[in-house]
Amino acid sequence: MPRCAVLDDYQGVALGLADWSRVEVTSFREHFATQDDLVTAIHDHEIVVIMRERTPFTAELFSRLPNLRLLVTSGMRNASIDLDAARAQGVTVCGTGSGSTAPTELTWALILGLTRHLVPEAHALREGGPWQSTVGADLHGATLGLLGLGKIGSQMARIGQAFGMNVLAWSRNLTQERADELGVRLAPGLDTLMTDSDVLSVHVVLSDSTRGIIGERELSLMRPSAYLVNTSRAAIVDQAALVAALKAGRIAGAGLDVFETEPLPHGHELRTLPNVLATPHLGYVTWGNYGTYYREAVEDIEAFLDGSPVRVLS
């Protein structure tokens, strides 16, 4: 029976969400800190299932796993997999479906938590601190800026409108026709998006053209009362520039679910800044999404074993 490793099953739920009976499966809940530790654990496995981009599969890693034949990733896009190396190594890479509602919902949790100071107020209430110490920002009538108006960005726009917000959007590929379909104002450029947004939310795919698209200059254009929220990919925003802006109070705060290094190292400044509301990449982490990931991962495995792979990425 083929051996299958399920990596980064942090919550320990993978084996209960699908029928893995056609493989000898092992779930690893702890993230492997080094490549050596990872290789030692999965060297003899023919199949590996990974969760999003928690564990990158580089050319070097593929070369150290000679028994690997099938790699399954949750979702149909995973920038941390070297697909060329997979092909060269003879490894089939398959994906799964993924829902967009979960990250949309988490983005709004961050927006509401930031603008109404929910964490410090809840902490003060629990610890016997002052009864009210902050004043929340109003969303109704404020401007929600969206960097990207794709699947998640479109959902964000509709919810923002339901809150009574004015929605402004921009990306390099966004057309006036698409903005009009959603009743959204198309910003003439990124600078306008930065200057006019009370809440700026990032929803573009990480690529060569979007990496670092929000840097020191762009952050300097934001209002001191404005918030930045990123549930897409950390590298879209220059992290050093963001930390500097937050420490200097040049923006009111940031809501972050993605980081350049995950898990975020202990002692990292983003863990401690008082104007940051951060979550450990929870955007896609719901029962609905996990159920889809693992059920379809098993479908990928069974199709591969039957000689007809499905949802093939490489």
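Going from atom CZ of Arg250 over to atom CE of Met222 covers 12.0 Å, rounded to the nearest 0.5 Å. Here CZ of Arg116 is found 8.0 Å from CG of Leu139. Values are rounded to the nearest 0.5 Å.
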side-chain contact (heavy atoms from CB on, under 4.5 Å) between Phe62 and Arg87, worked out: CA-CA 10 Å; Phe62 278 115; Arg87 282 188 287 269; over 6 Å; no
Apply side-chain contact (heavy atoms from CB on, under 4.5 Å) to the pair Trp20 and Val6, showing each step before the final yes or no. CA-CA 11 Å; Trp20 303 84; Val6 178; 3.8 Å; yes
Derivation and outcome, side-chain contact (heavy atoms from CB on, under 4.5 Å), residues Glu262 and Arg54: CA-CA 7 Å; Glu262 296 184 4; Arg54 292 176 183 174; 5.7 Å; no
With side-chain contact (heavy atoms from CB on, under 4.5 Å) as the test, would you mind laying out the steps for Phe163 and Ile111 before giving the verdict? CA-CA 12 Å; Phe163 272 100; Ile111 291 173; over 6 Å; no
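Side-chain contact between Asp138 and His140 is absent, with no heavy atoms from C-beta onward closer than 4.5 Å. In this structure the side chain of Tyr290 reaches within 4.5 angstrom of the side chain of Gln11, judged on heavy atoms. The closest side-chain heavy-atom distance from Arg178 to Ser154 is below 4.5 Å. Two residues are said to be in side-chain contact when any heavy atoms from C-beta on lie closer than 4.5 Å; Arg22 and Ile301 fail this criterion.
Just one of Gln161, Met156, Arg158 meets the side-chain contact (heavy atoms from CB on, under 4.5 Å) condition when paired with Val167; it is Gln161.
The two residues Asp9 and Arg29 make their nearest non-hydrogen contact at O-CG, 3.2 Å. Between Arg295 and Leu17, the closest heavy-atom pair is CG-O, 3.4 Å. The minimum heavy-atom distance between Thr210 and Val205, with the atom names listed, is OG1-O, 2.7 Å. Taking each heavy atom of Leu15 and Val25 in turn, the nearest pair found is CD2-CG2, 3.7 Å. Between Arg3 and Asp44, the shortest heavy-atom distance links the atoms NH1-CB, 3.5 Å.
For the pair Asp257 (side chain) and Gly283 (backbone), a donor-acceptor distance under 3.5 Å is present.
Side-chain contact of Ser232 with Asn230: a donor-acceptor pair under 3.5 Å is absent, judged by distance alone. Between Asp19 and Ser21, the side chains place a donor N or O and an acceptor N or O closer than 3.5 Å (distance only, hydrogens not considered).
Using cut-offs of 30° and 60° on the angle between ring planes, the pair His45 and Phe28 is perpendicular.
There is no path of hydrophobic side-chain contacts, each under 4.5 Å, that joins Tyr284 to Ile50. Leu110 and Val202 are members of different hydrophobic clusters when ILVMFWY side chains are connected at heavy-atom separations under 4.5 Å.
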Please list, one pair per line, the donor and acceptor atoms closer than 3.5 Å that link side chains of residues 141-150 to other protein atoms, with sequence neighbours excluded.
none

Considering only distance and modelled atom types, tabulate donor-acceptor pairs under 3.5 Å from the side chains of residues 93-103, sequence neighbours left out.
residue	atom	partner	partner atom	Å
Thr96	OG1	Gly75	N	2.9
Ser98	OG	Tyr293	OH	2.9
Ser100	OG	Gln155	NE2	2.5

